[in-house]
Amino acid sequence: MTEDTNSLSLMPLLSTLVYSVIGIVLMVLTIVVVNKLFRLQLHRELVKEHNVAFGVMLGGLAVAIAIIIAGTIISP
């Protein structure tokens, strides 16, 4: 019998989950560090002061992490 190359194997699924969790943890850690480093209050900056630049930075961070996770999923 030949092995189906499209079948779901455990190793790629596990690596995807690991990289996803690492990415999310790094994203949260980066937000916390930026928040402490620049003495910002995340809720105040985004909601009360409508700081668009801060929101764009957080969005860019999320997209960067998503690209890393997608690259991991696609890699052989």
Side-chain angles (χ1 to χ4, degrees):
M1 292 181 113
T2 61
E3 187 178 324
D4 186 14
T5 58
N6 290 330
S7 67
L8 183 64
S9 63
L10 184 60
M11 206 55 187
L13 180 63
L14 189 60
S15 68
T16 299
L17 288 173
V18 168
Y19 278 107
S20 297
V21 169
I22 290 171
I24 291 168
V25 167
L26 285 175
M27 185 171 70
V28 170
L29 184 65
T30 303
I31 291 170
V32 169
V33 168
V34 166
N35 203 20
K36 296 291 183 190
L37 183 66
F38 295 112
R39 302 183 196 277
L40 298 173
Q41 294 175 351
L42 181 64
H43 186 266
R44 183 177 55 86
E45 289 292 327
L46 289 176
V47 177
K48 293 181 180 175
E49 293 187 14
H50 304 290
N51 190 339
V52 176
F54 197 65
V56 169
M57 184 206 64
L58 293 178
L61 184 63
V63 169
I65 296 298
I67 290 171
I68 292 169
I69 293 169
T72 303
I73 294 170
I74 292 173
S75 69

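When reading the values below, keep in mind they use all heavy atoms of this one structure, side chains included, and skip hydrogens, waters and symmetry mates. Nothing here was measured: the structure is a model prediction, and the numbers come from that model.
If you take CG on Leu29 and CD1 on Ile22, they are separated by 12.5 Å, rounding to the nearest 0.5 Å.
Phe54 and Val32 are assigned to two separate hydrophobic clusters, defined by single-linkage of ILVMFWY side chains at heavy-atom distances under 4.5 Å. Residues Leu42 and Leu37 share a single hydrophobic cluster, defined by chaining ILVMFWY side chains whose heavy atoms lie under 4.5 Å apart. If you chain together hydrophobic residues whose side chains sit under 4.5 Å apart, Met57 and Phe38 fall into the same group.
When every heavy atom of Leu58 is checked against every heavy atom of Leu46, the shortest pair comes out as CD1-CD1, 3.7 Å.
Annotation: Tyr19, atom OH; neighbour count of heavy atoms from other residues, nucleotides and ligands within 6.0 Å does not exceed 12.
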